[in-house]
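Questions regarding the structure given below will be posed in turn.
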Amino acid sequence: MNALQRHRKLDAIWASDKGFRGWFNTVSHTDLGRMFLVTAFFYFGVAGVLSMLIRAQLATPHSAWASEEVYAQLFTMHGTIMMFLFAIPAIEGMAVYLIPKMLGTRDLAYPRLTAYGYWCYAFGGAMMLASLVLGLAPDGGWFMYPPLTGGIHSPGINTDFWLIGITFVEISAICAAVELCVSILKFRAPGMSLDKMPIFGWYILVTSLMILTGFPPLILGSILLELERAFGLPFFQAELGGDSLLWQHLFWLFGHPEVYIIFLPAAGILSTLIPVMARTTLLGYGWIVASVVALAFLSFGLWVHHMFTTGIPHMGVAFFSAASTLVAVPTAVQLFAWIGTMWKGRPELHMPMLHILGFFITFVIGGLTGVMVAIVPFDWQVHDTAFITAHLHYVLFGGFVFPILAGLYYWLPLVTGRKRFFKLGETAFVLIFTGFHGTFLAMHVLGLLGQRRRIHTYDVDAGWTAINLTASVFSFIMAIGLALVLIDIIIHLFIAVRGARSPWGAGTLEWATMSPPPSYNFASLPHVTSRAPYTDNPTLPDEMARGLGYLSDPQEGRRETLMIDVTSGTPEAVVVYPANTFLPIKMAAVTGVFFLSLLLKVYWITPLAVIGVAALAWRWAWQLGARNDAGPQPVGRDMYLPLSSETAKSQGWWGSAFLLVANATFFGSLLFGYAFLWTIAPGWPPPVWLDLWLPELAFGIAAALAAPILIRMTCARVAGGQAAAAPCTMALVAVVVLAVCLASLMLRTPDPSMHAYGATLLVLGGYGFFHAAVTGVMLGFLRARIAKGHTSQARRAEPAIVRLWVDYTAAVGILCLTIAHLPALLT
Amino acid sequence: MLDPAGPAAREIATLWWIMLGGSFAILVFVTILLALSFRPDRRQHDDVRMERTWIVGLGLGFSVAVLAALLSYGVATGARLTAPSETPVQVTAKATLAGWTFGYDARDDTEDVLHIPARRDVEVAITTGDIIHSFWVPRLAGKIDAIPGHVNRLRIEADTPGVYQGRSAEYSGPGYLDLRFTVQAHDADGWQEFLRGETE
Ligand code: HEM
Ligand SMILES: [Cu+2]
């Protein structure tokens with residue numbers, strides 16, 4: 001087989017369907033990454049237009065542009081769209097597109113999940129957009145503080161759009177995060193040990209872990225608030241044992257890490273680009289990895305700095321103030337590592353470099369004002385003024401928009417295989433840079449003069465007119481600059497000339513294939529021995545195209561790649577991917593029906609939608625696997641490896657493990673909420689505690705202890721080649737008993753609409769019950785697989801996955817039952 | 001806020017000017033470092049030594065030193081501003097969507113005007129009748145939230161008798177813009193008169 005024949009053969013296996021069909025059934029990370037990015041930038045445009053309307057309204061005093069109600073929708077939706085529909089998805093898009101190419105593999109760990117995540121984002125985003133078009137958009141500010149957003153003060157559907165729509169969109173973030181974690185740890189090119197991984201991989205790994213631990217508190221908060229609004233469970237109502245501060249804790253437990261979730265990938269872009277632009281290598285790779293990890297840890301200890309004015313005791317405030325300033329240290333380490341890198345090399349003023357310089361100036365100012373507001377007394381003054389708005393834009397625009405524009409100009413030649421020839425980008429940069437600083441420097445001053453944020457107008461005699469007008473004029477200059485970038489990119493996509501491969505002389509693998517990249521990324525997988533494999537071996541692209549690497553000879557029309565050992569990068573198994581399918585979009589649509597039924601309060605549809613999702617999920621999993629042992633497969637270079645389904649830990653096991661991390665964070669947040677209400681909220685103890693009912697407690701715990709033992713027996717029997725049906729059935733029975741006990745707990749809770757205690761208990765029981773139900777379905781699935789001969793001594797991966805879920809559910813069940821009975825046991 | 005009329009606001013304004021100066025110096029410093037990276041003549045450096053200067057020296061050493069200094073100043077200021085004083089004048093403030101109600105030990109409540117004696121420490125106990133609001137008189141002190149089911153305390157003091165503008169500073173839906181109040185600081189005689197109910 002020569003290179004061209006190999007290309008034809010691989011492309012026939014990997015290509016997405018032509019035309020319209022291909023848009024909806026593609027599972028390729030290249031397609032989906034681009035779709036994420038295009039959709040995200042569409043929302044950037046939408047939110048940008050909203051911000052222009054805001055600035056138009058504020059340009060003059062007593063402007064009659066927007067009424068108070070409309071203005072509230074404008075700023076709420078501007079903030080919400082920018083954060084949830086632009087920034088996070090843009091990051092996902094970048095990572096989905098780049099990670100497999102940079103790490104030298106052919107796709108992400110779960111191609112269908114990438115597609116499912118995208119469609120959840122697309123449908124959830126459409127829901128939010130519809131609210132805007134209908135004039136029913138959320139209007140409580142992007143952090144949605146109750147009681148303002150509770151049922152009493154905001155009875156309309158506006159708030160429900162936010163709570164339900166954003167939760168829907170967040171599914172995509174969780175999917176992407178699970179998938180990126182597993183891909184980065186297990187799906188790199190052979191030989192790429194962790195210390196040889198491109199620095200971008202580290203950033204995305206840490207970011208993904210932060211999404212898994214940062215988003216669950218918000219999802220929990222949204223569920224609780226929606227339960228309060230829809231069914232009157234008083235989690236946030238002080239009169240009934242709730243506390244509105246709980247929302248603030250849950251929101252900022254998410255909201256602060258969110259800022260770093262947005263910043264870190266952008267920093268990853270900078271760490272990748274700056275050495276290339278300066279023709280050198282990154283200074284302090286190890287230091288940077290360490291500081292990124294430190295940043296991730298620290299950022300979870302800072303959330304209270306958004307609540308300095310809520311009356312938290314001075315010592316607590318001092319602690320969080322210290323932590324908030326401390327977080328500047330790892331950021332400073334990175335900043336100086338980048339400048340040091342520029343000193344080490346010879347920076348060239350290409351287009352991406354302009355935006356990098358824009359980043360430096362803007363972000364340093366944003367960081368400095370950030371340290372200022374971390375100093376508590378100062379925050380008491382500027383909190384909730386235009387100074388904060390200005391600060392957050394310096395951080396978000398400086399720390400995110402400039403880097404992502406730099407990244408866009410850097411990777412566009414890869415995506416399109418073309419090079420720019422008009423110099424529109426330079427003009428655009430100047431407009432954006434001056435426009436940005438003109439707008440937001442002015443807004444700092446307004447804040448210091450006492451202009452509150454979120455006010456829709458102001459008096460002439462406040463003396464703010466000239467400054468506001470200046471800010472508005474400059475914001476339009478910035479808008480023109482951003483529009484020019486768009487035009488520049490469109491021209492680039494359609495009429496620019498073909499460019500050379502690897503125009504910047506970078507050393508990472510994404511450049512070591514054709515541009516635009518082929519559907520299969522690499523004709524054969526390279527063996528990596530350094531951090532810059534392409535620089536060290538300029539003939540690498542040819543060698544890979546000629547099939548000198550791994551998996552150069554696709555077997556039986558399969559989409560294949562390699563799974564490796566986490567740290568050393570030694571190849572371990574062959575992964576066979578599913579091909580193009582409509583399953584993800586169907587499942588996202590049914591998930592959408594679920595959320596829509598909640599939004600429109602047609603609750604009889606909800607259970608049907610749940611069953612629909614479960615049925616599709618069953619099919620999703622059923623399509624994988626085989627009924628015969630395949631044995632070791634030739635992967636090239638005289639190596640034979642098993643299929644991943646014939647190992648002890650397949651990709652499904654890894655994915656489940658990371659999903660359970662997110663899940664455990666959710667559960668932890670719930671327990672935190674319970675403890676918080678108990679100790680801090682007014683109106684406790686509740687009028688009645690749950691009665692002790694021993695059979696429920698005893699049978700529940702016994703079943704929860706039995707299930708893990710039984711699933712272990714199942715696994716052992718499968719591995720030993722014995723009949724495994726019986727223990728599997730018994731494990732199923734145990735989980736059903738557990739579910740019944742948890743359901744009984746839910747039915748016995750003291751009236752949940754009368755006190756937050758009953759409401760919390762109901763949610764606790766519901767969480768346990770839901771997990772017992774899911775695990776029950778999984779055991780049923782496993783039982784069916786055993787019956788159909790899908791498991792064998794070799795094909796032992798599936799029982800191991802179910803075991804993880806059984807263990808988790810058992811632990812959750814025991815905790816739920818014990819915690820619920822504890823007050824009765826103690827008294 | 002930049003025109004303080006009380007000790008708390010004054011301390012915070014001083015804090016701001018110091019931080020502004022420091023920040024400006026750091027910004028200039030970083031900009032110079034960036035500009036210098038583009039200079040053409042340069043000898044080759046070795047990574048180990050560069051890591052020591054840039055990362056250990058500037059990234060860790062410099063930032064830790066600056067932040068530690070600022071933090072201790074900030075915490076000390078915060079402690080001073082919240083330290084209990086011997087005999088503060090006690091007043092209460094209750095926010096609602098309809099406006100603010102202020103209560104005093106010795107006389108009837110007032111609506112939308114808070115009366116205080118000038119040059120005395122006043123402790124305002126703040127709560128709300130409905131949703132979250134925030135009590136803020138920029139020229140006198142920082143702000144603190146009014147939260148359902150909780151009572152927060154803020155200390156204010158005015159240097160001279162006069163009228164100071166106050167406002168709610170936590171978004172509360174339609175009508176937020178107009179949720180304002182005034183603070184009337186009396187001299188000693190005026191305060192006694194007010195307490196006797198002779199002023200409205
Ligand atoms: C394109 C240029 C932008 C302009 C001109 C702009 C302008 C504004 C203005 C004037 C406000 C204040 C509204 C008010 O308090 O009354 C605001 C709020 C906000 N902006 Fe932007 N913005 C821009 C880009 C961004 C970006 C890129 C992000 C995030 C990635 C962002 C996130 C936010 C958030 C979170 C809020 C707070 C919303 C709230 O108070 O609920 N903005 N923006
Ligand atoms: Cu924060």
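No experiment lies behind these values; they were computed from the predicted model shown.
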Trace of the side-chain contact (heavy atoms from CB on, under 4.5 Å) decision for Lys344(A) with Trp54(B): CA-CA 11 Å; Lys344(A) 194 173 124 188; Trp54(B) 286 93; over 6 Å; no
Spacing of OG belonging to Ser37(B) relative to CG belonging to Leu357(A), to within rounding of 0.5 Å: 7.5 Å
Heavy-atom contact with chain A under 4.5 Å, split by part of Leu179(B): backbone
Check: Arg454(A) side chain, Ser172(B) main-chain N or O, donor-acceptor pair, under 3.5 Å: no
Heavy-atom closest pair, residues Asn152(B) and Thr310(A): ND2-O, 3.1 Å
Residue pair Phe378(A), Glu11(B): steps toward the side-chain contact (heavy atoms from CB on, under 4.5 Å) verdict: CA-CA 9 Å; Phe378(A) 184 67; Glu11(B) 287 224 32; over 6 Å; no
Contact origin within Pro146(A) toward chain B - heavy atom pairs under 4.5 Å: backbone
Nearest non-hydrogen partners of Glu170(B) and Tyr145(A), listed with the distance: OE2-CD2, 3.7 Å
Side chain proximity check, Met353(A) to Phe38(B), heavy atoms < 4.5 angstrom: yes
Contact summary for Ile144(B) and Gly311(A), nearest pair of heavy atoms: CD1-CA, 4.0 Å
Test side-chain contact (heavy atoms from CB on, under 4.5 Å) applied to Trp16(B) and Leu448(A), step by step: CA-CA 10 Å; Trp16(B) 152 250; Leu448(A) 294 174; 3.2 Å; yes
Heavy-atom pair count under 4.5 Å with chain B, highest-scoring of Asp379(A), Leu335(A), Thr369(A), Asp243(A): Asp243(A)
Test item: side-chain donor near acceptor, Thr309(A) and Asp145(B), under 3.5 Å: yes
Gap separating the CD1 atom of Ile132(B) from the CG atom of Leu148(A), nearest 0.5 angstrom: 8.5 Å
Student check: side-chain heavy atoms of Leu70(B) and Ile375(A) closer than 4.5 Å: yes
His153(A) portion near chain B, given a 4.5 angstrom heavy-atom threshold: side chain
Nearest-0.5 Å distance, CG of residue Leu245(A) to CD1 of residue Ile147(B): 4.0 Å
Sidechain-backbone polar pair: Gln381(A) side chain, Lys143(B) backbone, donor-acceptor under 3.5 Å: no
Interface residue of largest heavy-atom contact number with chain A, from Ser72(B), Gly74(B), Pro174(B), under 4.5 Å: Pro174(B)
Leading residue by heavy atom contact count with chain B [cutoff under 4.5 Å; candidates Pro147(A), Ser321(A), Ala332(A)]: Pro147(A)
Top contributor to chain B contacts, counting heavy-atom pairs under 4.5 Å, from Gly340(A), Ala681(A), Pro682(A): Gly340(A)
Heavy-atom side-chain contact between Phe62(B) and Phe336(A) under 4.5 Å: yes
Quiz item: cation-pi between Arg452(A) and Tyr171(B), 6.0 Å / 45°: no
Part of Val56(B) within contact of chain A (heavy atom distance under 4.5 Å): side chain
pair Trp136(B)-Thr385(A): side-chain heavy atoms closer than 4.5 Å: yes
Max heavy-atom pair count under 4.5 Å with chain B, selected residue of Tyr458(A), Trp287(A), Phe360(A), Trp380(A): Trp380(A)
Top contributor to chain B contacts, counting heavy-atom pairs under 4.5 Å, from Ala318(A), Ser244(A), Ser67(A): Ser244(A)
Contact summary for Gly175(B) and Glu68(A), nearest pair of heavy atoms: N-OE2, 2.6 Å
Ile680(A), part contacting chain B, at a heavy-atom distance under 4.5 Å: both
Leu71(B), Leu67(B), Ile26(B) screened by side chain to side chain contact (heavy atoms under 4.5 Å, CB included) with Val371(A), the one that passes: Leu67(B)
Per-residue contact mode, Phe75(A) against chain B (heavy atom under 4.5 angstrom): side chain
Contact winner vs chain B - Ile152(A), Val329(A), Ile455(A), heavy-atom pairs under 4.5 Å: Val329(A)
Atom group of Thr457(A) that falls short of 4.5 Å from chain B, counting heavy atoms: both
Residue part contacting chain B, namely of Val376(A), when any heavy atom lies under 4.5 Å: neither
Heavy-atom check, side chain of Trp343(A) versus side chain of Arg39(B), under 4.5 Å: yes
